[in-house]
There are 2 protein chains.
Amino acid sequence: MGQPKYRQIASELRGQIVSGTLREGDRLPTEPQLQDQYGVSRNTVRDATALLVNEGLVQRVPGRGGGMIVRRKVTLTFHAHRAEMPAQPTAETDAWRSEVVAQGYEASQEFTLTIRSLSPELAERLHVEPDSVAVLRRCVRYVNDQPSSLQDTYYPMDLAEEIRELLSPKDIPQGTTRLLAERGHQQTAYYDEYVSRMPTPEEANLLGLQPGTTILLHIRTGYTEQRPVRVSFNVFAGDRNQIVTTHGDVGVIARFRPEESPE
Amino acid sequence: MGQPKYRQIASELRGQIVSGTLREGDRLPTEPQLQDQYGVSRNTVRDATALLVNEGLVQRVPGRGGGMIVRRKVTLTFHAHRAEMPAQPTAETDAWRSEVVAQGYEASQEFTLTIRSLSPELAERLHVEPDSVAVLRRCVRYVNDQPSSLQDTYYPMDLAEEIRELLSPKDIPQGTTRLLAERGHQQTAYYDEYVSRMPTPEEANLLGLQPGTTILLHIRTGYTEQRPVRVSFNVFAGDRNQIVTTHGDVGVIARFRPEESPE
DNA sequence: CAGTGGTCTAGACCACGCG
DNA sequence: GCGTGGTCTAGACCACTGG
C-alpha cells in the first residue's frame, strides 16, 4: 500500500500508453468506467488522469463523443544553424517558412509590431541603457493553421531609425538578417540559449497549448563586429517542435541522415 | 463569471508572484486561510494551487512548518559547444565538472554501466542492426549534492570491444571523447537535438523533480569521418539548467558578455 | 501536540456537443 | 437528449514534522 490509489491507476494507464496497448488517438475508458473498474470515487479517477494530462500523455475532450484520448505527437524540426548563418548564399525568403514546407506542411504567420521600453534584463542583452525603448517584432507561426511557435525579436531603437523597414509592421521579404547585412550590419556572431519551462498563461493562450505542454525557448542574440543588434525569443510548443543543429563536417552526417542534406 | 473560481484565485496568486509581492522562498497563505479569504471549499483552493504547482511557480512542503512556497530558480549554464569540440587543446578532465566549479558550485557524479540491446530508434541513430547490443554509460550529475542532470551515452558494441576502457564502470579521467580520439576515432561532426517535454516517472525519480518541472533534453550524436560512434542523451532538470552555444566570432561576444570568456 | 499538506469519499450542478 | 468532462461543496482520515 505504499502507493496511493490514484498513482496506481495512473501507472496502469500510463503503462498501457507507453507499451502501445493504447495508441495515439485512442480513447481511454470514461470516468464512470474507471470508477467501476477500480472501485474508487470520481475525484480519485480525476486525480489519476490529471497526472497523465500534466505529463502530456493524455488530452481531455469535453462533450458527448469526447473523452480522454492519447495525445498525438507530430514533431516539426527547426534547424537553428541553417536559419541564418553569416555567409548563407541562398536567398531564402524566410528561413522558418522554407523549413516547414520542406517537411511537407503548410506555413503561415502573423506579424505585429510594437515599441516598448526594455526590462533591465533585456537592456543588458542589447547593451543599451535601462528603460530605453526598442522595436519588438512579434511573429506568430502556424503549421497547417495550428499555432506552433512564436518569435519575439527586439531591435535597439537607434538601429530601427537607421533602417526604417524595421518599423514597418509587415513581413520583410528577404528576411531581417539579410536586410541588416545589406545595410552594413552583418551579424558575425550568435549567442544561443536553450531553456525548457512551463508556459505562461499568455503563451498557452497564443499557442493554444493543452495542459501538460511545455515550452522550448531558444534565445538568440545576434552581434555585428561592433555590438549586439537584436535578441530573438523563439517560443516553441514543446509537443510539436524540436531544434536541431550540426557542428563540424556536415558531409558525414548527411551520409547517415539523408533527410538532413539541405536540398 | 467567465472564469471559474479556481482560475481566478490562481491568477491572483500568480500575479503576486510575478509582480514580486511574493518573492522566491516566500510562503503562500495556508489552505484554510485561502478558503476563508475567498469563501470557497478546500478542493477549490487545491485546484487553484495545483495550477501554480504545475506551472512550476510554487512548491508544496508537507508537515508542520511547511506550506506552499514560491520556488527558487537557480540556473546552471551548460556550454554545449565548449564541452567537446574537435580541436580542443585544453586537457579537460571532465567538461561538465569544470563548468560547474567555474560557476561556483560543487560537482559530483555517479556512473553506472549496462549492456543492453538497442531499440529500433537507437539502432538507427548509431547506424547498427536493430536489436544489436550496445554499451550504456549512465552518469547522474549532482550540483551541491542535489541531482541536476543525467547523461546516458550509448556506444556500439564493436567499438567498446576495441576500446575496452568503455566497458569499465568508472569515470574515464581524460573524458571518453578524448579517449576515442587517442585511439583513432576522432569525432569530427556532431548532430545536436534539443527537446522540451515533461519527465517520465523514472526521470522524476532519478532527478528528484518537483511536479511542474520540465525536462530539457539534449541529444548529441557524434560522428567520426567514417560513422556515428555514440549517442548521448543529456537530461537536464528544466528548473535548474540552461544550455548555451555560440557561433561565429566569439571575440565580439566576450566583449559584451565577459562571463563567457573561457577562462 | 498541533498544524501543515496528502488522499479520498459522495454527492451536486453545469457546459458542451454529437446523434 | 444525454453522456462526456468541468467545477464545486462538505465532509473525513492520514502522514509528516516542527516546537
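Naming: A, B, ... by sequence-line order, numbering from 1 per chain. All of these numbers come straight from a predicted model, not from anything done at the bench.
- A salt bridge is absent between D239(A) and K73(A): the closest approach of a Lys/Arg side-chain nitrogen to an acidic carboxylate oxygen does not fall below 4.0 angstrom.
- Remark: A50(B) engages R60(B) in a side-chain contact (heavy atoms from CB on, under 4.5 Å) (not counting sequence neighbours).
- Checking dT9(D), dC8(C), dT4(D) against the side-chain heavy atoms of P4(A) singles out dC8(C) as nearest.
- Computed from coordinates, the D36(A) CG to dT4(D) P distance equals 11 Å when rounded to whole Å.
- Nearest heavy-atom pair across I215(B) and M198(B) is CG1-C, 4.2 Å.
- Note: CD (E31(B)) to P (dA15(D)) measures 18 Å, nearest angstrom.
- Distance CG (L28(B)) to C1' (dG5(C)): 13 Å, rounded to an integer number of Å.
- One can place CG of L34(B) at 12 Å from C1' of dG5(C), the figure rounded to the nearest angstrom.
- Under the rule for a salt bridge (charged side-chain N to carboxylate O under 4.0 Å, His left out), the partners of E203(B) that lie at least two apart in sequence or sit in another chain are R197(B).
- Ion pairing of R125(B) with E193(B) is present here, as a side-chain N (NZ or NE/NH1/NH2) and a carboxylate O approach within less than 4.0 Å.
- There is no side-chain donor-acceptor pair under 3.5 Å between Y105(A) and S148(A).
- Nearest-nucleotide positions on DNA chain C place P29(B) closer to the 5' end than the other of T44(A) and P29(B).
- Between the side chains of Y38(B) and Q8(B), no donor-acceptor pair is found at a separation under 3.5 Å.
- When the side-chain contact (heavy atoms from CB on, under 4.5 Å) test is applied to T21(B), the partners found at least two apart in sequence or on another chain are Q16(B), S19(B).
- At whole-Å resolution of the value, OH in Y38(A) and C1' in dC8(C) are 17 Å apart.
- Which of dC8(C), dT4(D), dG5(C) sits closest to the side chain of T30(A) comes down to dT4(D).
- Under a 4.0 Å N-O distance rule, the pair D152(B)/R138(B) qualifies as a salt bridge.
- For DNA chain D, the residues of residues 47-61 of chain A within the heavy-atom distance limit of 4.0 Å (strictly under) are R60(A), V61(A), sorted by number.
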Quick one: what's the B/S/- string for nucleotides 11-19 of chain C, heavy-atom cutoff under 4.0 Å, read 5' to 3'?
-B---BBB-
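- Ring planes of Y194(B) and Y194(A): parallel class, angle under 30° (limits at 30 and 60°).
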T176(B)/Y155(B) under side-chain hydrogen bond (donor to acceptor under 3.5 Å, both in side chains): CA gap, chis, key distance, verdict:
CA-CA 11 Å; T176(B) 50; Y155(B) 299 90; 3.1 Å; yes
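- The CZ atom of R7(B) sits 11 Å away from the C1' atom of dT7(D) (whole-angstrom rounding).
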In dot-bracket notation, what is the pairing pattern of DNA chain D, taking Watson-Crick (N1-N3 plus N6-O4 or O6-N4) and G-U wobble (N1-O2 and O6-N3) contacts under 3.5 Å, with [ ] crossing and | for other strands?
||||||||||||||||||.
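- One can place CE of M68(B) at 9 Å from P of dG6(C), the figure rounded to the nearest angstrom.
- In this entry the distance linking CZ of R46(A) with P of dA10(C) reads 17 Å, nearest Å.
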